[in-house]
There are 2 protein chains.
Amino acid sequence: MESLDQLQSLLKRLPGLGYRSAERIALHLLVEKPERTGELIVALEAAREKVHRCSITGNITEGELCPIYSDPVRNRAQVCVVEQIPDLFALEKSGAFRGTYHVLHGKLSPIHGVGPEDINLASLKERLNSGEVEELILALSNDIEGEATCHYIQETLVSGVPRPVKVTRIGFGLPSGGGITYADSVTLKSALEGRTVMEED
Amino acid sequence: MESLDQLQSLLKRLPGLGYRSAERIALHLLVEKPERTGELIVALEAAREKVHRCSITGNITEGELCPIYSDPVRNRAQVCVVEQIPDLFALEKSGAFRGTYHVLHGKLSPIHGVGPEDINLASLKERLNSGEVEELILALSNDIEGEATCHYIQETLVSGVPRPVKVTRIGFGLPSGGGITYADSVTLKSALEGRTVMEED
């Protein structure tokens with residue numbers, strides 16, 4: 001059955017889904033609960049149409065700017081830099097941060113051909129140059145690429161901004177080689193509290 | 001974000017997906033690979049439109065009748081009765097069966113309020129009454145509901161058909177309490193080969 005096979009192969013390409021789970025979901029949508037297929041189509045279309053990137057923070061939003069950046073309670077002078085949206089979600093769930101975010105959508109990786117122009121650094125530069133930022137908290141992965149991205153930001157973006165910016169790096173509590181997404185809230189809280197000032201080399 | 005939340009909650013209701021995996025898939029479709037959202041919508045719409053149940057066998061099909069039943073090589077006199085489509089897929093993958101299928105889409109379960117009229121038994125009765133069936137292989141789960149469904153089919157549907165029908169039950173190799181879907185091909189092959197004739201009580 002061509003249409004079933006096509007649906008299954010697209011589902012199989014989604015993160016975390018294998019052959020079995022794709023088959024199970026496809027049959028669930030077509031045989032067991034066909035009414036959910038329509039609901040899912042509508043939700044996918046609505047999300048595709050409405051959700052886009054905030055031009056300032058790189059976070060996703062339905063409005064013009066991301067809801068966190070637009071929130072008057074959040075401190076725009078404190079910017080937490082993360083690799084990806086799920087990292088931002090994990091930090092928000094920890095409730096430990098009341099500043100704003102900047103999502104890079106990646107990290108520098110010469111091996112994988114990811115350079116500074118491939119990640120969301122241009123709008124971070126703009127934010128820094130606007131003089132709005134007092135502290136930049138780098139919440140990037142505790143691995144070589146995360147390290148390289150931190151150094152690039154400090155050396156290339158922060159030097160020469162109109163107003164001195166304190167650059168800190170989230171550190172305490174994050175296990176070596178681990179990412180932000182799957183850390184628990186307590187670990188993230190202590191990592192934020194135990195952040196250290198980056199020294200110039 | 002309302003549209004993201006809505007998409008996530010619909011994804012979370014799919015079998016095998018929890019909160020984390022639903023979030024991961026939603027962000028994958030909206031942020032990482034937005035081009036896949038359109039592909040998935042098209043595939044869901046095509047499958048929803050084209051795939052329906054075969055009126056004879058209960059299997060899903062894009063044509064009028066199911067491709068297995070329509071295949072002149074397959075033996076229509078031998079009918080393997082299964083609970084659900086994934087069971088049929090698992091048996092097909094084992095390559096051990098060259099007859100045709102009948103999908104019940106459930107099993108009798110008085111506790112859950114599932115009676116004979118709630119599962120696909122009417123068209124099985126028609127097949128039996130047409131005189132086309134010589135052997136009925138009951139490949140149902142090795143549990144109380146499966147047992148009850150087997151007995152109901154033998155006592156109510158098979159008795160009084162125009163031509164004697166041999167009723168066998170798949171048995172050897174299926175672990176107690178287990179279903180058909182997740183058994184391996186070798187187990188399914190030996191279960192088909194070791195089928196036993198059901199005795200009248």
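Below, read A as the first sequence line, B as the second, and so on, with proteins coming before strands; counting in each chain starts at 1.
Counting heavy-atom pairs closer than 4.5 Å to chain A, the top-ranked of the candidates B:G38, B:P15, B:A46 is B:P15. Chain A forms more heavy-atom pairs under 4.5 Å with one residue of B:I85, B:L27, B:T37, B:V31 than with any other, namely B:L27. Contact count versus chain A (heavy atoms, under 4.5 Å) is highest, among B:G16, B:S21, B:A43, B:A47, for B:A47. Heavy-atom pairs under 4.5 Å with chain B were tallied for A:V51, A:V42, A:L30; the largest tally goes to A:L30. In terms of non-hydrogen atom pairs under 4.5 Å with chain A, the most contact-rich of B:R53, B:H28, B:Q8, B:Q6 is B:H28. Comparing A:E2, A:R48, A:R24, A:H105 by heavy-atom pairs within less than 4.5 Å of chain B, the highest count is held by A:R24.
If you take OG on A:S9 and CD on B:E39, they are separated by 9.0 Å, rounding to the nearest 0.5 Å. Put simply, CG on B:L44 and CD1 on A:I41 are 5.0 Å apart, with the number rounded to the nearest 0.5 Å. Within the model, atoms CG of B:L14 and NZ of A:K33 stand 11.5 Å from one another, a figure rounded to the nearest 0.5 Å. Atoms CG and CG, on B:L40 and A:L10 in that order, are 6.0 Å from each other to the nearest 0.5 Å. Between atom CG of residue A:L7 and atom CD of residue B:E45 there is a gap of 11.5 Å, rounded to the nearest 0.5 Å. To the nearest 0.5 angstrom, A:L4 atom CG is 5.0 Å from B:I60 atom CD1.
Taking a 6.0 Å sphere around CD of B:E64, one finds it holds 12 or fewer heavy atoms contributed by other residues, nucleotides or ligands. No more than 12 heavy atoms of other residues, nucleotides or ligands sit less than 6.0 Å from atom NZ of B:K166. With a 6.0 Å radius and a threshold of 12 heavy atoms from other residues, nucleotides or ligands, A:I144 has its CD1 atom at or below the threshold.
By the 4.0 Å N-to-carboxylate-O rule, A:E32 lies too far from B:R13 to be salt-bridged with it.
Judged by distance alone, the side chain of B:E23 and the main-chain N or O of A:P86 form no donor-acceptor pair under 3.5 Å.
If you measure heavy-atom distances from B:E49 to chain A, you find no contacts under 4.5 Å at all. For B:R36, the part lying near chain A is the side chain, with the backbone staying farther off; criterion is any non-hydrogen pair under 4.5 Å. With a 4.5 Å cut-off on non-hydrogen atoms, A:H52 does not touch chain B at all.
A 4.5 Å side-chain heavy-atom check between A:L17 and B:L17 finds at least one atom pair inside the cut-off.
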